[in-house]
Q: 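There's a structure below that I have some questions on.
Here is the naming used below: chain letters follow the sequence lines, and residue numbers restart at 1 for every chain.
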Amino acid sequence: MGDILSLLWTHLDVTVAILLFGIGFTTLLLHHNLIKKIIGLNIMETATFLFLTSQGFIAGRAAPVLAEGAAAAGYVNPIPSGLVLTGIVVSVSVTAVMLALTIRLYRRYHTLDIDSMTLMMKGEDE
Amino acid sequence: MQLVQNVPFFSIMLAMISAVVTPVLPRRAAKWLSVGMVSAVVCLHIWFLPFMLSFGGSYNYMMGHFPAPWGNELRAGLLETVIALALSIVMLLSQLSGMNKLQRQIDTPKQGLFYVMCNLIMAGMLTLTYTNDLFTAYVFIEIMALSSCALMMARQVGHTMVASMRYMILSLLGSGLILIAIALTYNLTGHLLMENIHAVIARYAANGAYALPISVIIGLFIAGIAIKCGVFPFHMWLPDAYGYSTSAASAVLSSVVSKAYFFLLVKIFYRVIGIDVVLSDMALNLMLVLGVLSMILGSIGAIRCLDIRRMVAYSSVSQMGYLFAWIGLGSDVGVAAAMFHLVVHALCKSMLFLSVSPLCDASGDSKRFVDLRGAGYRYVIPGIAFSLGAMSMVGIPVLGGFFSKIFFAEAAISGAGWVRITLLAALALSTLLNAFYFMHTVLGLYRKPREGFVRQPFIKSRLTAVTLSVFGAVNLAIGFFAKDIINLITTGIQNLA
């Protein structure tokens, strides 16, 4: 037990990322409210980014921004940071699309609850 | 390097450039640009395929000026070419055949945007097929997810909107899992290019290191792609999405988007993790279970439907299940059978979706089976196309579906112990259920109309008739050349590893 706790503590970033991912995942999956679902999605994505960035971090090194006279050994691994930047762009656009969809659905059904939406949808004969 | 070797790159760039240009074009120009682009891609691939046949093997195509471990790469091989060609043909025929229906179902100002999404999906499909870089694959997975969501809700009725919300939620869970898997892979190997990752994982597998993380990675990839393909427990969005969106959108979603995702998974197995490692891994059983469940339950869902579009949609769930189950079988023969069925099903399911919609038009715009009685007489060519597609899905000889069933059965027999029995039983049961609901529908199309049915005038479109005939011809051709195609695919799979 003590081993596991100390392992969790030494990898605190990963532990936090997994916790956050779990929180986001369950919120996205189990909440009925669309806005809360979108918040859950954002938490989940943040967790992924935290995990990715922390994997590229090397203690005592600088951010990968080119400076005069610095050797490659002075920087952290730049690739995870690059991936996270791309991921953030994706996440922003996905959130925008989800919000736009939510507005559409709210205008039509006057609710944010996905279950009552589904019920009303089934009532429509199309 | 010869000029023809640029085809994968040119095709992707053509699709991307058309996607960027289309939003500012007027509606008609947008439509014809998209059709022209897809035809150009088809022609390029028809030029490319003989080259790849004589080339034998595969080559990597450097993007930009950064060499291998750092830069981005495409990779072209025989299997990629065959899949890209088949899916581009599906895309072209779907766009042409669904065009008239689309003009009636989508608001006029938004029709141009529909083609933007088609172009993006085309770019995504080609990139997922050709890319050699795991992170590029992730980016295009997201692009495909967003554009398929837009394609789904292009026709704005309650059903499509709720379905696209559900699709987005599930699809993002899937992307999240895939991203975690990619992060773990990077973490373990320090590379993003498929070959470099493969080399490192092969080294780990040789001395038994990191067995558990590799299993987790395989499991995450399987779960992520299964969610995106709409395999059984994750299919809640699928019947509404395919059943209510415009026919071209349903055809593209069921035949291009989910097939591209699935091909990416196969590529990840062969090129990233290494098929030997995957086949000996426990995580592969997940695929088998998902596949068998969705084969059976998808068919049962289809039987319970009262509406022809939803029935065809549910049949997609069951057919994706075949693909998953036979990869889960864990042998090269199984993968070849699944790849063959991927091509057959892509061509067949899109034809079914596109022939259903004119049949519904001929039945007073109703999708219910009772109203569709006699629709085969009212509108002949779609009736024939639907019957042909249904017979292929059931596995009537000479058609493509018959050969996929044969290849599936052969592959299942070569399997071991309980896997063989499960797969053969599932194949038999699912074929029986397939035959039940498809033949029931086809017979219904040629029955006397129900009492009191008033025949309403409807518009017959020449374009739809021509494209559906071409579709039928392509489906017949697949059956006639089944042996050659499976040989191509088997060679392609050998080159893939």
Side-chain angles (χ1 to χ4, degrees), chain A residues 14 17-18 21 24-25 28-29 31 34 37-38 40-45 47-56 77-80 82-84 86-87 89-91 93-98 100-109 112 114-126, chain B residues 69-70 133-136 138-143 145-150 152-153 155-173 175-188 190-193 227 234 236-237 240 243-244 307 309 365-368:
Chain A
V14 180
I18 290 172
F21 191 86
F25 198 89
L28 179 57
L29 208 59
H31 258 284
L34 286 182
K37 272 187 191 291
I38 296 174
L41 164 77
N42 278 300
I43 295 175
M44 193 183 92
E45 281 176 337
T48 324
F49 300 150
L50 174 63
F51 178 69
L52 258 172
T53 2
S54 69
Q55 295 310 311
N77 186 348
I79 290 179
L83 300 189
V84 168
T86 321
V89 174
V90 170
S91 153
S93 33
V94 164
T95 311
V97 171
M98 293 274 275
L101 247 170
T102 311
I103 293 173
R104 271 277 153 73
L105 283 166
Y106 187 77
R107 280 198 191 136
R108 193 179 172 102
Y109 294 112
L112 286 173
I114 188 134
D115 286 344
S116 39
M117 245 176 237
T118 315
L119 274 180
M120 280 188 247
M121 171 196 91
K122 286 203 173 122
E124 295 173 356
D125 193 35
E126 194 276 322
Chain B
W70 299 284
D133 181 284
L134 212 47
F135 202 73
T136 311
Y138 167 71
V139 172
F140 277 86
I141 285 176
E142 293 285 18
I143 292 179
L146 287 175
S147 28
S148 5
C149 172
M152 228 175 255
M153 60 172 297
R155 178 180 180 224
Q156 287 193 358
V157 293
H159 284 276
T160 56
M161 286 201 281
V162 176
S164 42
M165 195 69 193
R166 282 174 184 270
Y167 173 69
M168 273 314 259
I169 292 165
L170 276 177
S171 174
L172 292 171
L173 286 178
S175 318
L177 296 181
I178 294 173
L179 185 58
I180 294 267
I182 293 176
L184 282 174
T185 317
Y186 181 73
N187 206 354
L188 219 56
H191 287 291
L192 286 171
L193 280 181
I227 291 178
F234 316 111
M236 293 85 92
W237 55 274
D240 279 328
Y244 292 88
D307 150 349
R309 284 282 292 275
D365 225 5
S366 163
K367 292 183 288 194
R368 300 203 339 242

Q: Side chain from CB out, backbone as N, CA, C, O: work out which of these in B:Leu146 comes under 4.5 Å of a heavy atom of chain A, or both, or neither.
A: side chain
Q: Contact part of A:Leu52 toward chain B, heavy-atom cut-off under 4.5 Å: side chain, backbone, both or neither?
A: side chain
Q: Is B:Asp307 in contact with chain A via its backbone, its side chain, both, or neither, using a 4.5 Å heavy-atom distance?
A: neither
Q: Out of curiosity, A:Ser116 OG to A:Met121 CE, how far, rounded to the nearest 0.5 Å?
A: 12.0 Å
Q: Let me know if A:Met98 has heavy atoms under 4.5 Å from chain B in its side chain, its backbone, both or neither.
A: both
Q: How about A:Phe51 and A:Ile18: do any of their side-chain heavy atoms sit closer than 4.5 Å?
A: no
Q: Is B:Ser175 close to chain A through its backbone or its side chain, or both, or neither, when contacts mean heavy atoms under 4.5 Å?
A: neither
Q: Among the options B:Arg166, B:Glu142, B:Met168, B:Met165, pick out the one with the most heavy-atom pairs lying under 4.5 Å from chain A.
A: B:Met165
Q: Can you tell me how far apart CZ (A:Arg108) and CE (B:Met161) are? Round to the nearest 0.5 Å.
A: 4.5 Å
Q: For residues B:Ser148 and B:Tyr167, determine if any side-chain heavy atom of one lies less than 4.5 Å from a side-chain heavy atom of the other.
A: yes
Q: Highest number of heavy-atom pairs under 4.5 Å with chain B: which of A:Leu41, A:Thr48, A:Leu83?
A: A:Leu83
Q: Heavy-atom distance under 4.5 Å to chain A: side chain of B:Val139, backbone, both or neither?
A: side chain
Q: Can you tell if the side chain of B:Leu179 reaches within under 4.5 Å of the side chain of B:Phe135, non-hydrogen atoms only?
A: yes
Q: Which bit of A:Val90 comes within less than 4.5 Å of chain B, counting heavy atoms only: side chain, backbone, both or neither?
A: side chain
Q: In terms of heavy-atom proximity below 4.5 Å to chain A, should B:Ile182 be classed as side chain, backbone, both, or neither?
A: neither
Q: Suppose we screen for side-chain hydrogen bond (donor to acceptor under 3.5 Å, both in side chains). Which residues come up paired with A:Thr95, at least two apart in sequence or across chains?
A: A:Asn42
Q: Mind checking the CZ-OG spacing from A:Phe49 to A:Ser54? Nearest 0.5 Å is all I need.
A: 13.0 Å
